[in-house]
Novice: 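Mind looking over this structure? Questions follow.
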2 protein chains.
Amino acid sequence: MTASAPRRETPIPLARKRASDGKARPNDADGIGLDALVGHAGYAVRRFQIWIFQDFVRTLASVDIKPTQYSVMTVIGANPGLTQMAVANRLGIERARLVHLLDSLERRKLVKRIKSKSDRRSHALHLTAQGETSLTKFKRLAAEHERHVEEKIGRENREKLLEILAGFT
Amino acid sequence: MTASAPRRETPIPLARKRASDGKARPNDADGIGLDALVGHAGYAVRRFQIWIFQDFVRTLASVDIKPTQYSVMTVIGANPGLTQMAVANRLGIERARLVHLLDSLERRKLVKRIKSKSDRRSHALHLTAQGETSLTKFKRLAAEHERHVEEKIGRENREKLLEILAGFT
DNA sequence: TATTGTTATACTCTATAACTATA
DNA sequence: TATAGTTATAGAGTATAACAATA
């Protein structure tokens with residue numbers, strides 16, 4: 001892609017970069033320059049993250065599953081019996097918030113909390129049979145969403161991105 | 001302070017990823033597998049975005065500037081005279097929310113709203129003299145934050161990331 | 001009628017604190 | 001005492017709707 005290379009530290013007056021090729025450039029879309037914002041990883045990542053979440057929500061709208069719900073079900077599905085603390089820590093969700101997430105998933109009969117016998121303070125989390133079935137469908141839709149990402153940034157770029165960010169999972 | 005990783009015995013065997021090379025893999029950090037979550041761009045991007053915002057906030061804590069405030073000041077600084085609508089659209093912020101952001105920045109004497117003569121509904125946004133001075137300092141700190149990103153993912157990976165995500169700015 | 005800035009409301013998410021029942 | 005789950009509250013952030021002034 002020809003997108004202008006990351007300019008580092010450009011305290012330059014700025015602004016209108018002409019798109020001589022007629023292709024819409026980020027900075028040219030409205031003639032408003034971002035100046036130093038271009039070249040900030042956080043800004044690009046934030047905008048991308050918003051796009052990707054919106055596409056996820058859109059793609060899984062028919063099953064009414066949000067990214068966080070998906071991540072919770074996926075982890076439980078892959079590690080049945082985990083406690084709420086373990087899931088919360090693994091996904092970086094506050095345990096207080098996980099309570100509500102699980103309440104909702106349990107109401108929908110996708111997940112169940114089973115009282116642990118070894119430590120009666122804790123719950124062992126499992127998918128219900130219906131949860132297993134549903135998760136299979138969710139994963140199919142999530143894969144479709146991943147294909148949207150590929151279409152957006154390119155197959156190789158997506159792979160590279162995952163490689164670069166592997167340490168954050 | 002981070003209560004050491006959940007070292008409790010994991011109730012169930014579970015999905016361990018091959019770590020034949022002995023290198024610590026994300027999935028092995030706590031023995032909890034993410035299964036399909038690994039390979040989801042959205043998850044990795046989200047976790048990275050959280051990290052990067054936290055580092056930004058930490059690095060600019062001394063000047064009490066959040067990422068959104070920084071982006072607003074940067075755009076105004078690079079394009080003095082913009083209306084609130086223009087800034088909101090450019091940054092993907094709700095115009096209702098921008099009102100509060102500007103209220104706060106104006107209270108701190110960093111930004112000023114000037115009534116437009118051509119269209120008396122709108123305001124032309126400018127940095128104050130103090131705002132200009134401050135922004136210079138903010139940019140210095142933001143550059144320091146970018147270096148943290150480099151240290152975290154590597155210089156070339158950061159460049160590559162910016163290149164891949166250039167279309168989202 | 002439509003748009004700019006504003007106010008207000010609701011819902012999500014994050015961050016805490018405190019409570020209970022266990023350990 | 002400490003921990004797992006829960007409840008509650010406050011703060012950001014997001015999404016809307018509606019209103020006044022102006023176009």
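Below, chains carry the letters A, B, ... as their sequence lines are ordered, and counting in each starts from 1.
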Novice: Between C:dA17, D:dA15, D:dT14, which nucleotide has the shortest distance from any of its atoms to the side chain of A:Q54?
Specialist: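 Closest nucleotide to the A:Q54 side chain: D:dA15.
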Novice: Look at B:R95 and D:dA17 and indicate whether a side-chain polar atom (N or O) is within less than 4.0 Å of OP1 or OP2.
Specialist: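 False: B:R95 side-chain N/O out of range (4.0 Å or more) of D:dA17 OP1/OP2.
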Novice: Without decimals, in angstroms, what is the distance between B:L125 CG and C:dT4 P?
Specialist: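 Atom-to-atom, B:L125 to C:dT4, this comes out as 13 Å.
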Novice: Establish whether the base of C:dT3 is bridged to the side chain of B:R121 by a donor-acceptor pair shorter than 3.5 Å.
Specialist: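 A donor-acceptor contact between them is present.
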Novice: State which of D:dT16, D:dG5, C:dC13 makes the closest approach to the side chain of A:S122.
Specialist: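 So the side chain of A:S122 is nearest to D:dG5.
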Novice: Taking for each residue the nucleotide of DNA chain C with the nearest heavy atom, is it A:T68 or B:L102 whose nucleotide lies nearer the 5' end?
Specialist: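 Mapping each residue to its closest nucleotide by heavy atoms, the 5'-most match is B:L102.
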Novice: Ignoring backbone atoms, establish whether A:Q84 has a side-chain N or O less than 4.0 Å from OP1 or OP2 of D:dT3.
Specialist: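 A:Q84 to D:dT3 OP1/OP2: no side-chain N or O under 4.0 Å.
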Novice: So do the side chains of B:E163 and B:R158 get within less than 4.5 Å of each other, counting heavy atoms only?
Specialist: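 Sidechains of B:R158 and B:E163: no contact.
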Novice: Measure from the side-chain heavy atoms of A:H100 and tell me the nearest of C:dT6, D:dT7, D:dT14.
Specialist: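 Taking heavy atoms from C-beta onward, the closest nucleotide is D:dT7.
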Novice: Tell me the interatomic distance from A:I93, atom CD1, to C:dC13, atom P, rounded to whole angstroms.
Specialist: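 Those two atoms, CD1 and P, are 10 Å apart.
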Novice: Between atom CD in B:E94 and atom P in C:dA8, what is the gap in whole Å?
Specialist: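 My rounded result for the distance is 18 Å.
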Novice: Is the A:Y43 to B:F168 ring centre distance short of 6.0 Å?
Specialist: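 Ring-ring flag for A:Y43/B:F168: false, centres at least 6.0 Å apart.
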Novice: Can you check the B:D103 CG to D:dA12 C1' distance for me, whole Å?
Specialist: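 Result: 16 Å.
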Novice: Side chain of A:V99, heavy atoms from C-beta onward: which of C:dG5, D:dA17, D:dG5 has the nearest atom to it?
Specialist: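 So the nucleotide nearest the side chain must be D:dG5.
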Novice: Less than 4.5 Å apart, side chain to side chain, heavy atoms only: is that true for A:R95 and A:Q84?
Specialist: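 A:R95 does not reach A:Q84 side chain to side chain.
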Novice: Both A:R120 and A:L101 contact DNA chain C. Taking the nearest nucleotide for each, which residue is further toward the 5' end?
Specialist: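 The residue mapped nearer the 5' terminus is A:L101.
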Novice: Among the candidates C:dC13, D:dA23, D:dG13, find the nucleotide nearest to the side-chain atoms of B:R46.
Specialist: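 Nearest to the side chain of B:R46 among the choices is C:dC13.
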Novice: Tell me the interatomic distance from A:L91, atom CG, to C:dC13, atom C1', rounded to whole angstroms.
Specialist: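 After rounding, the gap between these two atoms is 15 Å.
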Novice: Indicate if B:F53 and A:W51 have the same hydrophobic cluster label, given that clusters are the connected sets of ILVMFWY residues with side-chain heavy-atom separations under 4.5 angstrom.
Specialist: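 Yes, it is one cluster - the side chains of B:F53 and A:W51 are joined through contacts under 4.5 Å.
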Novice: Write down the distance between CZ (A:F53) and P (C:dC13), rounded to a whole number of angstrom.
Specialist: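 Distance, rounded to whole Å: 9 Å.
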Novice: For A:D119 and C:dT20, what is the distance between atoms CG and C1' respectively, to the nearest whole Å?
Specialist: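 It works out to 14 Å between those atoms.
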Novice: Measuring only between side-chain heavy atoms, which start at C-beta, is A:T169 closer than 4.5 Å to B:R47?
Specialist: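 No, side chains not in contact.
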Novice: Nearest whole Å is fine: how far is C:dT12 C1' from A:D64 CG?
Specialist: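 In whole Å, C:dT12 C1' and A:D64 CG are 14 Å from each other.
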Novice: Counting only distance, no hydrogens or angles, is the base of D:dG13 paired donor-acceptor with the side chain of B:R97 under 3.5 Å?
Specialist: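 Flag unset: no donor-acceptor pair detected.
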Novice: Under 4.0 Å between any heavy atoms, over every strand shown, what does A:S116 touch: base, sugar-phosphate, or nothing? Just pick one.
Specialist: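 The answer is nothing, as A:S116 stays clear of every strand by at least 4.0 Å.
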